[in-house]
Number of protein chains: 2
Amino acid sequence: MSIYYQIYESLKKDLSNNLYKPGEKLPSEKVLSKRFGVNRHTIRRSLQLLKNEGILFSKRGSGIIVHDNRFKYKIGKRVRFSQNILNENYVPETTILRSEIRKASKIEAKNLEINSKHEILLIETIGKINNVPSIKTKRVISNKRFPDFFDIFQKQLSITKTLKILGVNDFFRKNTLVTAEQADSIQANLLHCKINSPLLKTTYINQDLNLIPIEYSQTWFVGERIQLALEN
Amino acid sequence: MSIYYQIYESLKKDLSNNLYKPGEKLPSEKVLSKRFGVNRHTIRRSLQLLKNEGILFSKRGSGIIVHDNRFKYKIGKRVRFSQNILNENYVPETTILRSEIRKASKIEAKNLEINSKHEILLIETIGKINNVPSIKTKRVISNKRFPDFFDIFQKQLSITKTLKILGVNDFFRKNTLVTAEQADSIQANLLHCKINSPLLKTTYINQDLNLIPIEYSQTWFVGERIQLALEN
DNA sequence: TAAGATTTGTGCGTATGTATA
DNA sequence: TTATACATACGCACAAATCTT
């Protein structure tokens with residue numbers, strides 16, 4: 001077997017043994033090349049394989065850093081999907097799974113503080129991080145208050161932008177509940193994880209500046225890829 | 001932008017313009033490096049990116065070949081999902097999306113040659129090739145004839161194996177209809193393709209040696225990744 | 001069949017650019 | 001400002017597999 005591949009396997013083993021921990025730097029290419037007794041280019045080829053696998057990433061002038069694969073999803077007063085992901089230099093994408101207009105259930109009406117005779121708009125979406133589906137959201141919104149919500153959302157694919165167009169310039173969390181669930185078969189396929197693998201589920205209400213509820217929603221995160229960072 | 005990246009983009013453009021066709025060889029690294037006026041290593045880096053994307057692959061001593069990414073799925077008298085994929089040295093996997101027992105529709109009853117009062121078992125599955133979901137199947141089976149079908153299928157995850165256990169040692173296609181559809185949002189997410197991207201849809205009946213229908217089913221294939229190879 | 005040419009794979013060395021510490 | 005660290009690019013040499021004569 002080639003030298004660079006042996007070194008790759010050796011480094012990978014060290015990484016899986018947590019010899020180098022997520023967020024930490026590896027020794028420099030110069031040090032590694034001396035340690036393994038090879039040219040720097042040879043080490044670079046080994047490292048490239050680990051970068052391709054997303055285990056490492058490099059910063060020019062700084063060093064090579066062990067990737068913490070779990071995405072740190074910030075949950076605070078203002079939770080913004082796309083912004084959260086762009087802030088960490090990843091690429092966000094939202095796709096619509098389905099939508100529905102129907103009468104509110106008791107719980108939905110209570111949480112949205114609307115009459116239970118009123119209709120709600122339900123939207124289910126998949127959120128992707130770097131093209132990997134990892135977040136599923138089910139939103140319930142008053143259809144009476146925002147009759148054009150879906151039409152706009154379909155084009156914008158962003159809650160923040162849609163609400164802005166509808167005149168809601170800011171909104172924030174009233175509360176957030178975090179629970180754990182197991183993925184069922186449909187969720188496993190949609191979220192690209194295995195059946196029964198753990199999901200983080202958040203249930204929350206977003207309200208406007210007048211404290212009026214806008215949406216009552218639930219979001220599922222793939223536990224293996226995402227960690228929730230709670231803020232004040 | 002770096003030279004190797006510009007060359008990568010140039011080659012990628014040529015490939016998408018079908019200047020080099022699937023199965024064909026590219027000019028050798030030596031020729032390419034002279035053509036672009038760079039060192040051979042520089043060309044190799046450009047090519048490596050295209051190899052990583054699965055667009056090219058190389059054979060030592062032979063050359064660099066344009067990959068035909070589309071999987072050749074054989075449709076003939078006997079169609080066997082797992083075997084089809086194993087035969088081409090890929091890894092098959094089946095996951096269950098959902099199942100349902102209900103009364104047969106008129107069309108289902110007619111195609112299964114059963115009384116329309118009878119119940120049918122509906123199973124929706126996702127078929128993966130090398131872990132990439134690319135095939136969705138919706139099967140309708142007589143629940144009266146095979147009351148234990150789902151219990152067995154759930155463990156076996158194979159129609160062939162399930163039927164064998166149920167005493168049906170062989171089965172074959174009565175007919176197959178091929179049509180084209182566009183992926184809707186749910187299909188796009190399940191099959192990891194874009195909305196409106198083309199799907200190949202087959203509608204067919206599998207029957208046993210006594211010509212009695214076993215299943216009336218529909219299968220969707222992602223057109224970008226799969227081509228159907230019709231056999232006699 | 002065998003020898004030689006071609007083509008990709010691996011490895012080292014050197015030099016310079018660019019970003020960070 | 002200086003030193004360090006990663007990024008890019010060229011050149012040389014040889015190995016390994018394949019193709020051609």
Practice task
Taking only heavy atoms on the protein side, list every residue of residues 51-61 of chain A lying under 4.0 Å from any atom of DNA chain D, sorted numerically.
Solution key: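 K51(A), S58(A), K59(A), R60(A), G61(A), in order of number.
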Practice task
Grab the two heavy atoms, one from I135(B) and one from F81(B), that are nearest each other, plus how far apart they are.
Solution key: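 Of all heavy-atom pairs spanning I135(B) and F81(B), the closest is CD1-CE1, 3.7 Å.
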Problem - Residues in side-chain hydrogen bond (donor to acceptor under 3.5 Å, both in side chains) contact with D208(B), at least two apart in sequence or another chain - result: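 If we apply the side-chain hydrogen bond (donor to acceptor under 3.5 Å, both in side chains) test to D208(B), skipping adjacent residues, the hits are R145(B).
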Exercise for the section: Tell me, please, which residues at least two apart from E181(B) pass side-chain hydrogen bond (donor to acceptor under 3.5 Å, both in side chains). Expected result: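 So E181(B) forms a side-chain hydrogen bond (donor to acceptor under 3.5 Å, both in side chains) with K201(B), W220(B).
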Handout entry: Neighbours of DNA chain C within residues 29-45 of chain B, by heavy-atom distance under 4.0 Å
Key =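 Residues of residues 29-45 of chain B that come under 4.0 Å of DNA chain C are, in numerical order, E29(B), R40(B), H41(B), R44(B).
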Problem - With sequence neighbours excluded, residues passing salt bridge (Lys or Arg N to Asp or Glu O under 4.0 Å) with R60(A) - result: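 Listed in chain order: nothing, the list is empty.
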Salt bridge (Lys or Arg N to Asp or Glu O under 4.0 Å) partners of [range], not counting sequence neighbours, each pair once:
range                       : answer
residues 149-172 of chain A : R78(A)-D170(A), R80(A)-D170(A)
residues 3-24 of chain A    : K12(A)-E53(A)
residues 121-135 of chain A : R98(A)-E124(A), E124(A)-K136(A)

Exercise for the section: For this output row, return yes or no: ring centroids of F153(A) and F150(A) closer than 6.0 angstrom. Expected result: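 So the answer is no for these two rings.
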Handout entry: Segment of DNA chain D, first to last nucleotide, that comes within the 4.0 Å heavy-atom reach of chain B
Key =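 Both ends considered, the range comes out as dT8(D) to dC19(D).
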Practice task
State whether R44(B) and E29(B) are salt-bridged, where the test is any N-O pair (Lys NZ or Arg NE/NH1/NH2 against Asp/Glu carboxylate O) under 4.0 Å.
Solution key: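 Between E29(B) and R44(B) there is a salt bridge, with a charged N closer than 4.0 Å to a carboxylate O.
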Practice task
Please list, in 5' to 3' order, the outermost nucleotides of DNA chain C lying under 4.0 Å from any heavy atom of chain B.
Solution key: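 On DNA chain C, the outermost contacted nucleotides are dT7(C) to dG11(C).
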Exercise for the section: Return the set of residues passing ring-ring contact (aromatic ring centres under 6.0 Å, His included) with F71(B) (not counting sequence neighbours), or none when no residue passes. Expected result: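 ring-ring contact (aromatic ring centres under 6.0 Å, His included) check on F71(B) returns Y90(B).
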Practice task
Enter the distance from L26(B):CG to L47(B):CG here, rounded to the nearest 0.5 Å.
Solution key: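 CG of L47(B) is found 6.5 Å from CG of L26(B).
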Side-chain donor/acceptor pairs under 3.5 Å, residues 188-199 of chain B, sequence neighbours excluded:
from: N189(B); atom 1: OD1; to: T95(A); atom 2: OG1; distance (Å): 3.0
from: N189(B); atom 1: ND2; to: T95(A); atom 2: OG1; distance (Å): 3.2
from: N189(B); atom 1: ND2; to: S185(B); atom 2: O; distance (Å): 3.0
from: S197(B); atom 1: OG; to: K194(B); atom 2: O; distance (Å): 2.8

